[in-house]
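Structure record follows, encoded as structure tokens.
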Amino acid sequence: MTTLIDAPPQEADGLLPTKKSRSGGGLGKYLVVRFFLIFPTIFILITLVFFLMRITGDPITAALGGRLPPDALQARIHAAGYDRPIWVQYFEYLGQIATGNFGRTISDNLKVTDMLATYGTATLELAINSLVVALIIGIPLGMVAAKYRDKWPDAVLRIFAILSYATPVFFAGLLLKLVFAVGLGWLPVAGRAKSGNEIALTSLANPTGIYWLDAIRSGNMGALGDVMAHAVLPAIALGLLTGGVFLRLVRTNVIGTLSKDYVEAGRSRGIREFRLVTKHAYKPALIPIITVMGLQIALLLGGAVLTETTFEWKGLGFQLAQYLTARDFVAVQGIVVLLAVIVALTNFIVDVIAALIDPRVRY
Amino acid sequence: MSRNEGSLFQRLPVVSHLGKSVGLQRGMLVTGLVITALFLLTAALAPLISPYGFAQHFDSQLPPSGTHPWGTTSGGYDVLSRVVWGTQTAVIVIVVAVILSIFLGVALGLVSGYIGGWLDRILVVIADAIYAFPTLLLAIVMSIAISHGRSSMLGGIFAAAISITVVFIPQYFRVIRAETIRLKAEPFVESAMVVGASSVRIMARHIYKNATRTLPLIFTLNASEAILTLAGLGFLGFGIEPSSAAEWGYDLNKALSDTTAGIWWTGVFPGAAIVLTVLGLTLVGESMNDLNDPRLRGRRRAGRKLPPAPGTPGSNTVHTPGTETAGNGVTV
């Protein structure tokens, strides 16, 4: 979760040519330097999680502690190499990652790359669904709030936005389940699809792992309806959280541009208010909106962990909680590396877009 | 704030904001203050208000009745008592977490911004990496590392607080560092250097006092985030044991499986407590933020509309490095 008023944490001053060499450098140099900043980010997170996980104990004790005599336990720990100095293990792990070898998970003996692909697509599907919900909620309502600034629609929408932030995803999920799944019986309580459909969809040739896409590709309309029904509540629960953030973001930035001279000029030339808001004020407000939206990826991923647990949506977040309980270092580190890469890449892309749109960023 | 004439009382953060506010904004600020006061009062008076202890066992899943106004949970706890005692846990965790992160974040930010050089660069890269990562995940890993998954009474509360601290340090670090870099170039700091004041003295006296003006605001906003993180930890099962302290997130986790049986009272009440508390704190923080920013401050209806001043960010708003480059003064 991110603080409400945090401005985009773009790179700090002093690190990039943005502030240092005002005289030149230009876009190319900016992008190259910005690109290479991806690596320390990933490296730091891997290191941090590696050492934190080692403090927690080893997976063999977590799985078998109490059930095996201490010397047998010790023998297993020794065989797995967990009693070696931590630095040796650390550099060995870095070496493995560098060659693309992420190992096999300890608790369920899957190849980490396969595990990431299987559960990652489930999380991706949830993220896409909720992003759609968030955009549908956030952009139009944000424009309405900006248009009626300080009047009652604005007050209602701002309270809605604050409420959507104040409601934890899992509580929103619980309420949605109580009302629409249990109370009214309209939608399924949990999961991604009925088990029959799930088997049908995962046993397809070359499945994408995104169920609705697979259902459309295989022409299985019954499964498509089922998948959609399962997707609605999780998407709304997570979408409300991000949608509230988008609403505030659009509101603040459209208010900023609405008071610019050129909008006043447009108004004096008789352009209708609707057009002023949706075209003239909204478009220039897009730059900060895109920047901050990109940075919501961390919020979305954090929210996904909670949403997936609430709805038993078997994605990365759901699995992460399981692996953490099992002290499965290998699996947790694999997931963290993937999330770190996603976050670092998104931030990079956001900065590139900002630099392309607004030349002030790169000088 | 410093421009305001008036007594010390009128210049206190919240009081001065109350004075500046009008209309809707004042309504939001007052509502927030009332809810926050209720929250603090409940926490302070928990032993008096709560009908039972938070770890006292009864029959499980009793519906709301005279003896248990909000029913009992699947674990046999009284829901009302758990919710009331939960405010105390929340307050302790917030206070410990925010104070720890202010101490460490402010100290690191001051040193990093003032000394600069390679130390500064390394700290910035680390802070940025942590800042960009999903905070809840870091908090989970931290809490496992600290408490090894099992938590005692105070141990659990501190583990949760420290996990949240790790997440917050980068935020304080960024704000204070940016302010320090700005202040370092101010004439009064230079003159202190010329007079021969030591670096520690300059940091502690001259820069610290000026760089920490925005802290009340971050405090309020982080307090609400701390509650959400604590609840998230508890919900995922990495928080405080139910017998050591009442914690809303844990109760919601247990309530999840009740929903299919149509049992609503175990989840709705602790959830509503989270929403209400976060709402109160956010309303206060939010209104203070808007009031600090002249462009967002509500305008009195009687007066002529003042032209906004684009490109001149209010000096009191929270700025993290990078906002300036975005040019539009993004406040989310």
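So that the names make sense, note that chain A is the first sequence line, chain B the second, and so on, each numbered from 1.
Within the 4.5 angstrom heavy-atom criterion, no atom of Val250(A) approaches chain B. Both the backbone and the side chain of Leu324(A) come within less than 4.5 Å of a heavy atom in chain B. Of the atoms belonging to Ile140(B), it is side-chain heavy atoms, and not backbone ones, that fall under 4.5 Å from chain A. When heavy atoms are compared at a cutoff of 4.5 Å, Leu137(B) approaches chain A solely by way of its side chain, counted from C-beta outward. Ile335(A) does not touch chain B: none of its heavy atoms, backbone or side chain, sits under 4.5 Å away. For a residue to count as touching a neighbouring chain, one of its non-hydrogen atoms must lie under 4.5 Å from one of that chain's; by this rule Ile126(B) touches chain A with backbone and side chain alike. For chain B, the nearby part of Leu175(A) is the side chain; its heavy atoms alone come within less than 4.5 Å.
In terms of non-hydrogen atom pairs under 4.5 Å with chain A, the most contact-rich of Gly280(B), Ala272(B), Gly271(B), Gly249(B) is Gly271(B). Across Thr309(A), Leu300(A), Ile342(A), Val332(A), the residue that shares the most heavy-atom pairs under 4.5 angstrom with chain B is Thr309(A). When each of Ala166(A), Ala344(A), Ala321(A), Ala340(A) is scored by its heavy-atom pairs under 4.5 Å with chain B, the top score falls to Ala166(A). When each of Thr167(A), Leu163(A), Leu174(A) is checked for heavy-atom pairs under 4.5 Å with chain B, Leu174(A) comes out on top.
A 4.5 Å side-chain heavy-atom check between Thr310(A) and Phe235(B) finds at least one atom pair inside the cut-off. Contact of the Leu178(A) side chain with the Val268(B) side chain is registered, since non-hydrogen atoms from C-beta on lie closer than 4.5 Å. Tyr165(A) has its side chain within reach of Ser224(B): a pair of non-hydrogen atoms, C-beta onward, lies under 4.5 Å apart. Between Val278(B) and Pro168(A), the closest side-chain pair of non-hydrogen atoms is not below 4.5 Å.
Rounded to the nearest 0.5 Å, atoms CG (Leu228(B)) and CZ (Phe171(A)) are 12.5 Å apart. The distance from atom CD1 of Ile162(A) to atom CG of Leu283(B), rounded to the nearest 0.5 Å, is 4.5 Å. Separating the CD1 atom in Ile159(A) from the CE atom in Met28(B) is a distance of 6.5 Å, to the nearest 0.5 Å.
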